[in-house]
Amino acid sequence: MFPARAMSNAERRKPYPFDQLEPKWQTRWAAEKTFHALNPGDPGFDPARPKFYVLDMFPYPSGSGLHVGHPVGYLATDMLARYKKMRGFNVLHPMGWDAFGLPAEQYAIKTGEHPRVTTARNVAVFKSQLTRLGLAYDWSREINTTDPGYFRWTQWIFLQLYHAWFNPATNRAEPIATYSGGDPDAVRLAYVSEAPVNWCQALGTVLANEEVIDGRSEVGGHPVERRPMLQWKLRITAFAHRLLDELDGLDWPESIKALQRNWIGRSEGAEVAFRLAAMTNDGMTNDERTGDIRHSSFDIRVFTTRPDTLYGATYMVLAPEHPLIDRIATEDQRPAVREYREKTARKSDLDRTELAKDKTGVFTGAFAINPVNGERIPMWIADYVLPGYGTGAIMAVPAHDERDWEFARKFALPIREVVSPEPRLGLGGESPCSAEPLECYIGEGFAIHSGPLDGLPTSEAKAEITRRLEALGLGKKTITYKLRDWLFSRQRYWGEPFPIVWEEGKHRAIEGWELPLIPPELEDFKPTGTGEPPLAKATEWLRYSDKATRETNTMPQWAGSCWYYLRYCDPLNATRFVGRDAERYWTGAADGRDVAVVAALRGLWREADSRQPGPLRLHALCIGRLDETEAAALSAATGMELSGYAHYADNQSFRHIQKKHGSESGEAKRGQLAITEEDVALIPEIVRHPDEVRSGSPTGRGRPAILYSKRINGWVIYVEESLVSQRRLLIKTMYKKAATGKRATAEAGFAHTSETFRRAQTFSSRKPAPVKGGVDLYVGGTEHAVLHLLYARFWHKALFDLGHVSTPEPFQRLVNQGLMLGEDGQKMSKSRGNVVNPDEVIAEYGADALRCYEMFMGPLEQTKPWSMTGVEGVARFLARVWRLAMEENQAGEWVVSAAVQDIECPRALAKVMHATIKKVGEDLEALSFNTAIAQMMIFTNALTAAAPRPLSAVRALLLVLNSFAPHLAEELWERLGTGEMLARQPWPAFDPALLIEDEIELPVQVNGKVRDKIVVKKDATAAEIEAAALAAPRIVEHTAGKSVKKIVVVPGRLVNIVAG
RNA sequence: GCCGGUGUGGUGAAAUGGCAGACACAAGGGACUUAAAAUCCCUUGGAGCGAAAGCUCCGUGCGGGUUCGAGUCCCGCCGCCGGCACCA
């Protein structure tokens, strides 16, 4: 060992001994489970506390570990989690690993080491790095997507999708059993289809549209080609309108919402049916040429956003993949058509989009009839029309669409102007002008040469033509989306196997009890290159029965991340993917009290059931409290079928209020009452006399109700067994105002009641309030805007429809942390050599300095370059904090400074202290970490200057600093403190009275320029301020020789004198 | 082309329509020290005037507008970053 003296010299170089105290506190937090979150039902769980679920996007544990850019978001959530805990919240702040994926598998192929092994190693590295940052995760909830206990439920959710369909009538996913059509396989949310897909030869797998960027794979940048293959898809398109519409209610950055809107790509327009012309240009009739259509003159439908330009459609274009081409192409055009289609099929997406600026196409020989004017228009095929969008066919209006214009010019097709930017007179639709327009006009305007539409502005013309087409059955208003179904299978080893077997060419699901379906052990993970998945090599595993074999595709990496935020709520649940109570509690459909209500209901139900055994159904009559969704969740939670739902906002409470107002029926109607605070206060009176409560249900009228009642956490629940003969259990819920006592409690209770009535009113006016819920705050990078974030929303909505979760959206609030650039201002990357490793920063300056620096740099959402000198500055700040309380003695040991004394805080210092408590709290709520730190620096500077230093002020600093620099704060708290852990302390209160100055300084402007300052009493009147301002010496100077025209006094702000 | 964001000192950045540049970094000067490190103090948007205290003018990408007052709101441009892009 070093001699003591040498040791202290070495130590002295460190501004404070973070290298000792940081590991110490990390160990303590882990040992004492300081950040362990309790679930409803756990011993010690406090349902009265509000909850806060704050989530990071879990990382893929790569082999290279973290760089300093990764933890930006983790640090933000950590600070918020620690703060919310001090604020009395039950905080859920978990972390886990998104560990299936390509890199681990590619590494395995290279080294022969099993991905399971490398994944475990990488996870260990990541976890230790995160721990060294002092992140307050509840590690007891750690999850790993590659853990069979986890992916079992990923497979289970897939089965829910497989066994479900989207019912357009109800606009939601339903069990496949409710589908009455002939072929359920055609409508499942998870289905197989043979279609052109994105095949990446280098990766040996197919990819989703979202994973292909400019014709190359997102991972690795390898070329991607179109190839028809039999693949699994998920029917995300069925949810397109909901995924789009429900973005509005989310508290997300506008940019991410815009990205998703863009990706979903809604277009409003019309579908128009064109009839195939009977006569072709060679004089033959269709009947003579093609047998198939002899008896049915079929239609070709096109989609257009500009139905108003229908009179200007001079030709039609089909996508080369369009299925009707074989039937319509004329004999003489057939070779050219076939050649063009083959050429197109060979083209990659990249070729088709990037290089195809020059239009190509071939005439099919067929003609279609324009339904509005009976004109024969030629039908072409061209690759600028895409098969997957709209109907795969367009009407071409070259005068008003740039692509059609270009195409028409190249192939000398007619161009007819039908929209004029200015209203034009005297141009009848019956006489199309012969002169072709000189340029393409794509804007809106007024219809011309368009028969009955002439003169109408574009928007009216659209509506008019659509109405006419609909009346004739030739078209209809249509909404089209760009979003395509999600290609869900991959030809890789390291992913979840599908819980599907194939028998005689048909697929079917395996049973739930067969899960998890574990992938086979393989020596050789290599993709086959033929599109056959590596799992096909496991011959033993492959065989399911004599006749059936297993599906060999695996799920994409996104599968596991689609629902991980749910698993965190209840990570060890062995019977359900997430416990209902845990899900309802943490994702916010219910607060702790609601969850307790459900638990009590279950108990009451058991009691009722024991009196008269047999299946019970639940009939929910809700007084202003539960909406329909919650009633459904309640029935699921109690295990009772929901036989009916009625909203109950009126009835007793309604009558009671009505009586009070002296208005008899007729005057005040349901949902139209202006409910006052006083009215709400009357509600508890009803509750206090349960005997007066009679069943309000139509069937229970007049019969005395058998009431079970139970009081839980300010709730009173009645269970009314008035419908015994029908085996229906009537439940009612009613909110009870919090017991009188502390004012604050009563107010909190009141606010809740008030909200209840708002919702009740909203419901009775038939406009359900949007159900908020999901993760309270989700922080992550912007790169998942249309991948993970869209997929997860889709899964969540499907699970919601199927009754498995209680909210329609997974992430209520989303924040993107900004990118961290290298010191050179470039993106951090190994090849640039500008990567900064957090471990090195921690070794030199400590984790607290790294934490504070990353948050001090600027706003969380902003991109910003790393600066080592910046870390140094923050480290200096922390060292100053340390020296506020500590000094070195003769022996070179740190001891509590004699300057810290238990004295009363001088008023000036107290002011800074309370201002700091206020600002840091507000800034944390607003995620303005940088300005919070600046304020703490101000406070620290003030404290440094003070001698002696009041103990209470130093402690206050530690309380607010704790979220940012928890190790340092804990250590000083311990040395100064009462023996309790700082992390468990409540957030300090500030005294607003102290922040109000008796006298305030006001700047005085003359013509908008500050010329002097005056000091006035805080409650000075405007007249007093005016007089003081005009008397100020420099104001007198500046207004000399001028006349004062106006004086603007902004109390507490400034005075502006307008003079001229 | 379309969509979203953004533009303030040498640098990172502050600023409910109300004193532009808080808080830091860097730089310069000083104190302590034999010396260095560490620490502490001072100066620091630009130009000009003054011996000094201080004063004046200009200044938030550019051009207009609203207002007693604009970094902030409105209109029109320009630059940069991100996304989408033959989506009919």
Where along residues 259-272 of chain A does a heavy atom fall under 4.0 Å from RNA chain B?
A:Leu259, A:Asn262, A:Ser267
N/O-N/O pairs, protein side and nucleotides 44-49 of chain B side, under 3.5 Å:
none

Do any N or O atoms of the protein come closer than 3.5 Å to N or O atoms of nucleotides 63-70 of chain B, and which pairs are they?
unit_1, atom_1, unit_2, atom_2, d
B:C68, O2', A:Asn1056, ND2, 3.2
B:C68, O2, A:Asn1056, ND2, 2.6

Of all the nucleotides listed (B:A88, B:A14, B:C55), which has the minimum atom distance to the side chain of A:Thr931?
B:A14
A:His1038 NE2 to B:U56 C1', straight-line distance once rounded to whole Å:
8 Å
When the P atoms of B:A52 and B:C41 are considered, how many whole Å apart are they?
27 Å
May I ask you to check whether A:Tyr315 and A:Phe407 place their ring centres under 6.0 Å from each other?
yes
Interatomic distance where CD1 belongs to A:Ile1035 and C1' belongs to B:C19 [whole Å]:
12 Å
So, does A:Gln862 get its side chain near the phosphate of B:A13, meaning an N or O under 4.0 Å from OP1 or OP2?
yes
How would you list, by chain and number, every residue that makes a side chain to side chain donor-acceptor pair (under 3.5 Å) with A:Arg341, sequence neighbours excluded?
A:Asp326
Please measure how far the C1' atom in B:G4 lies from the corresponding atom in B:G10, and state the result in whole Å.
31 Å
Distance, P atom - from B:G29 to B:U44, rounded to whole angstrom
16 Å
Whole-Å distance separating the NZ atom of A:Lys1009 from the P atom of B:A20:
10 Å
Taking the side chain as every heavy atom from C-beta outward, state whether A:Leu878 and A:Phe18 have any atom pair closer than 4.5 Å.
no
In terms of base orientation, is B:G69 syn or anti, with the syn window spanning 90° either side of 0?
anti
Carboxylate-amine/guanidinium contact A:Lys864 A:Glu854, below 4.0 Å:
no
Between C1' of B:U11 and OH of A:Tyr853, the distance in whole Å
10 Å
Knowing that exactly one of A:Ile1000, A:Ile1035, A:Val1004, A:Leu1030 qualifies, which makes a side-chain contact (heavy atoms from CB on, under 4.5 Å) with A:Ile1014?
A:Val1004
Sugar-phosphate only, base, or nothing, as touched by A:Lys257 at under 4.0 Å among non-hydrogen atoms
nothing
Does the side chain of A:Glu210 come within less than 4.5 Å of A:Trp263's, by heavy atoms?
yes
Integer angstrom distance from the C1' of B:U60 to that of B:G7:
9 Å
Check A:Thr309, A:Val419, A:Thr304, A:Asp308 against A:Val397 for a side-chain contact (heavy atoms from CB on, under 4.5 Å) and give me the one that passes.
A:Thr309
What does the list of N/O pairs under 3.5 Å between the protein and nucleotides 24-29 of chain B look like, with a distance for each?
unit_1, atom_1, unit_2, atom_2, d
B:A24, OP1, A:Asn941, ND2, 2.7
B:C25, OP1, A:Arg876, NE, 3.3
B:C25, OP1, A:Arg876, NH2, 2.9
B:C25, O2', A:Thr869, OG1, 3.0
B:A26, OP2, A:Arg876, NH2, 3.4

Could you pull out every donor-acceptor pair under 3.5 Å between side chains of residues 930-938 of chain A and any protein atom, sequence neighbours left out?
unit_1, atom_1, unit_2, atom_2, d
A:Thr931, OG1, A:Asp923, OD2, 2.9
A:Thr931, OG1, A:Ser928, O, 3.1
A:Gln935, NE2, A:Thr916, OG1, 3.1

Using the C1' atom as the reference point in each nucleotide, state the distance between B:U8 and B:A15 in Å, no decimals.
11 Å
Under the salt bridge (Lys or Arg N to Asp or Glu O under 4.0 Å) rule, what pairs show up with a residue in residues 924-934 of chain A, not counting sequence neighbours?
A:Lys84-A:Glu925
Given the rule that a pair is Watson-Crick or G-U wobble with both distances under 3.5 Å, how would you write RNA chain B in dot-bracket, using | for pairs to a different strand?
(((((((..(((.....[....))).(((((.......))))).(((((....)))))..(((((..]....))))))))))))....
Determine the interatomic distance between P on B:A13 and the same-named atom on B:G1; round to the nearest Å.
29 Å
Name the residue closer to the 5' end of RNA chain B, choosing between A:Ala934 and A:Ile394 according to the nucleotide with the nearest heavy atom.
A:Ala934
So, is A:Tyr389 close to the B:A88 phosphate, meaning a side-chain N or O under 4.0 Å from OP1 or OP2?
yes
Sub-4.5 Å side-chain heavy-atom contact between A:Phe964 and A:Leu924:
yes
Which comes earlier along RNA chain B counting from the 5' end, the contact point of A:Arg306 or that of A:Arg1011, where each point is its nearest nucleotide?
A:Arg1011
Say you pick atom P in B:A36 and the same atom in B:G30; how far apart are they, in whole Å?
12 Å
Evaluate the criterion side chain to side chain contact (heavy atoms under 4.5 Å, CB included) for residue pair A:Leu789 and A:Met57; output intermediate values, then yes/no.
CA-CA 10 Å; A:Leu789 287 171; A:Met57 288 185 187; 4.2 Å; yes
Which nucleotide sits closest to the side chain of A:Asn930: B:A13, B:C86, B:G4?
B:A13
What's the gap between B:G82 and B:C68 when it is taken at their C1' atoms, as a whole Å value?
41 Å
Is it true that A:Asp404 and A:Lys359 make a salt bridge, defined as a side-chain N closer than 4.0 Å to a carboxylate O?
no
With A:Tyr853, which residues qualify under ring-ring contact (aromatic ring centres under 6.0 Å, His included), at least two apart?
A:Trp866
Check every strand shown and say whether A:Pro859 touches a base, only sugar-phosphate, or nothing at a heavy-atom separation below 4.0 Å.
sugar-phosphate
Without decimals, in angstroms, what is the distance between A:Lys482 NZ and B:G83 C1'?
11 Å
Salt bridge or not between A:Asp383 and A:Lys343? Use side-chain N to carboxylate O under 4.0 Å.
no
Rounded to the nearest angstrom, tell me the gap between atom CG in A:Asp1012 and atom P in B:G54.
14 Å
Sequence-distant partners of A:Asp251, side-chain contact (heavy atoms from CB on, under 4.5 Å), two or more places apart
A:Gln812, A:Arg813
If I take atom CE in residue A:Met886 and atom C1' in nucleotide B:U39, what distance separates them, rounded to the nearest angstrom?
17 Å
Any side-chain heavy-atom pair from A:Leu819 and A:Lys827 closer than 4.5 angstrom?
yes
A side-chain contact here means heavy atoms from C-beta on lying under 4.5 Å apart; do A:Leu927 and A:Val779 qualify?
no
What residue pairs, at least two apart or across chains, pass salt bridge (Lys or Arg N to Asp or Glu O under 4.0 Å) with a residue in residues 1037-1052 of chain A?
none
What is the separation between atom OH on A:Tyr481 and atom P on B:A88, rounded to the nearest whole Å?
13 Å
Which residues share a side chain to side chain donor-acceptor pair (under 3.5 Å) with A:Arg949, sequence neighbours left out
none
Record whether the side chain of A:Arg1053 comes under 3.5 Å of the base of B:U16 through a donor-acceptor pair of N or O atoms.
yes
